[in-house]
Amino acid sequence: METLTFDSDDLDRTEDFLSHAYAKMRIGGGTSDSSRARIHRSAIDSVSVDELDLDFDMSYTVTPLGRICLCIVHEGTIEDHVYQGVSDSFGPGDVVSFAPPELSYAGRVHAARYNITMLDPELLTQVAGATGGRRPEPVRLTGHRPHTPAASDRLRSTIRYVQDHVLSDPAVADQPLVASTAAQHLAATVLATFPHTASADPAGSERQDAHPAALRRALAYIDDHADRPLTVAQIAEAAHVSVRALQYAFRRHLDSTPLAYVRQARLSHAHDELTAADPEDGATVTDIAARWGFYHPGRFATLYRHSYDRSPRRTLHDG
């Protein structure tokens, strides 16, 4: 996990910082009475979450970021935001995608406090896959506004969840399974929030690929690699089918999803570790849960109790 903090009232320093933290950027038209910028970033490998508080008005132009850049406006406004074919303005409560990763954009901030969440575009493909055979085509967002207010609320809640339960604790965020699980959860929520190029319905050939043998290969791969970061695309490749065929196989034969099975496999490993561990040696439920990718102790306890009809703490202490 990485963190950085910036606090300055020097616009030249702010421009230099933003250019290094995001992409080459030019700011201009700042107000003269105030120029205070406060920025805090927390990041794991493929995701960063920034909180920005700018006391002044400024215009900006940004070169392509190469990443999906989401914005949640808390206070103030972002106006005249433009990129190829789009012109829009955002106010408090708005959740948007600033621009496709390969495009430049520009606009104007008016004394705003806002969140910027950036993620690797490859995460969308890893989670969703797309048409075009067994090798997934890159999945792209095709709109910058959420489908519905409810979708916007879900994405806002997911980002806050990642902030509060992963990025707030370096010991948790540095667990590889926690980082991969959180990143995929965020990517899946982004796909549920914005229009995109992936199709949820498998083609005829992919339905034919969704046979029990492919499912068995997928299950075996998950069981053998549950202690490592896993993506749906990796599981599909191991099963020799497309992502959509894999998802269809799980839905058809197990009434589940690949990532739900990954979670259950990791829960089983966490159970085994809780059973074998000795709290006198310093073992804790929180540490064991995080080691297996469960970064919210309360949710882990609920999942565990549902599967084993007892609390994880009881298993740890009773063996």
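- From T117, atom OG1 reaches atom CG of D50 across 7.5 Å, with rounding to the nearest 0.5 Å.
- At a threshold of 4.5 Å between non-hydrogen side-chain atoms, the residues V190 and T158 do not count as touching.
- Of the inter-residue distances, the one linking H147 atom NE2 with L155 atom CG reads 11.5 Å to the nearest 0.5 angstrom.
- Distance CG/L70 to CD1/I159: 5.5 Å, rounded to 0.5 Å.
- Taking a cutoff of 4.0 Å between a charged side-chain nitrogen and a carboxylate oxygen, R145 and D94 qualify as a salt bridge.
- Panel note: side chain S42, backbone V49; no donor-acceptor pair is recorded below 3.5 Å.
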* **Full working for side chain to side chain contact (heavy atoms under 4.5 Å, CB included) between M58 and L11** => CA-CA 10 Å; M58 73 170 192; L11 285 178; 5.6 Å; no
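- Side chains of H144 and S97: no donor on one and acceptor on the other come within 3.5 Å.
- Atom NE2 of H40 sits in a crowded spot, with more than 12 heavy atoms from other residues, nucleotides or ligands closer than 6.0 Å.
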* Asked: Stepwise, does the side chain to side chain contact (heavy atoms under 4.5 Å, CB included) test hold for Q163 with N115?
  -> CA-CA 11 Å; Q163 283 182 294; N115 172 290; 3.7 Å; yes
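- More than 12 heavy atoms of other residues, nucleotides or ligands sit less than 6.0 Å from atom CZ of R291.
- Screening D55, D10, D7 for a salt bridge (Lys or Arg N to Asp or Glu O under 4.0 Å) involving R36 leaves a single residue, D7.
- For the pair T302 (side chain) and G298 (backbone), a donor-acceptor distance under 3.5 Å is present.
- Looking only at side-chain heavy atoms (C-beta outward), L65 and M118 come within less than 4.5 Å of each other.
- In this structure, R38 pairs ionically with D53, as a charged nitrogen and a carboxylate oxygen lie closer than 4.0 Å.
- For the pair F194/L124, no side-chain contact is recorded, criterion being any heavy-atom separation below 4.5 Å from C-beta on.
- A salt bridge links D153 with R156; the closest basic N to acidic carboxylate O contact falls under 4.0 Å.
- Taking the side chain as every heavy atom from C-beta outward, V166 and T181 never approach each other to under 4.5 Å.
- In this structure, CH2 in W292 is found 14.5 Å from CG in D287, a value given to the nearest 0.5 Å.
- Between C71 and I78, the shortest heavy-atom distance links the atoms SG-CD1, 3.9 Å.
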Pairs under 3.5 angstrom only: tabulate donor-acceptor contacts from the side chains of residues 227-236 to other protein residues two or more places apart or in another chain.
residue: T231; atom: OG1; partner: Q234; partner atom: N; Å: 3.1
residue: Q234; atom: OE1; partner: T231; partner atom: N; Å: 3.0

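- With hydrogens and angles ignored, the 3.5 Å screen pairs no side-chain donor or acceptor of S59 with any backbone N or O of G107.
- Here the side chains of F294 and R299 are not in contact, with every heavy-atom distance at 4.5 Å or above.
- Side-chain contact between Y295 and Q175 is absent, with no heavy-atom pair separated by less than 4.5 Å.
- In this structure a side-chain-to-backbone donor-acceptor pair under 3.5 Å is present from T63 to K24.
- The two residues H253 and L215 have their closest heavy-atom pair at CB-CD2, 3.5 Å.
- In this structure, the side chain of T197 does not engage the main chain of V139 through any donor-acceptor pair within 3.5 Å.
- With Y22 as the aromatic partner, R41 meets the cation-pi criteria of under 6.0 angstrom to the ring centre and within 45 degrees of the ring axis.
- Summarising the geometry of A128 relative to V243, their closest heavy-atom pair is O-CG1, 3.3 Å, with the distance given to 0.1 Å.
- Heavy atoms only, all atoms of each residue included: L267 and F300 are closest at CD1-CE1, 3.6 Å.
- The minimum heavy-atom distance linking L54 with A37 is given by the pair CD2-CB, 3.6 Å.
- Put simply, NE2 on H240 and OH on Y221 are 11.0 Å apart, with the number rounded to the nearest 0.5 Å.
- Judged by distance alone, the side chain of H165 and the main-chain N or O of H296 form no donor-acceptor pair under 3.5 Å.
- Closest approach of E51 to H74, counting heavy atoms only: OE1-NE2, 3.1 Å.
- Classification of the Y161-H185 ring pair by plane angle, with boundaries at 30° and 60°, yields perpendicular.
- Distance check: F98 CZ to Y83 OH gives 11.0 Å after rounding to the nearest 0.5 Å.
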* Mind running side chain to side chain contact (heavy atoms under 4.5 Å, CB included) on S87 and V82 for me, showing each step along the way? => CA-CA 4 Å; S87 177; V82 295; 3.5 Å; yes
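- Annotation: side chain of L123 is not in contact with side chain of L186 (no heavy-atom distance under 4.5 Å).
- For the side chain to side chain contact (heavy atoms under 4.5 Å, CB included) criterion with L316, the lone passing option out of D278, T275, V285 is V285.
- A salt bridge links R314 with D318: the closest approach of a Lys/Arg side-chain nitrogen to an acidic carboxylate oxygen falls below 4.0 angstrom.
- The aromatic rings of Y60 and Y105 sit perpendicular to each other, their planes meeting at more than 60°, with 30° as the lower class boundary.
- Within the 4.5 Å cutoff, the side chain of H81 has no heavy atoms near those of the V96 side chain.
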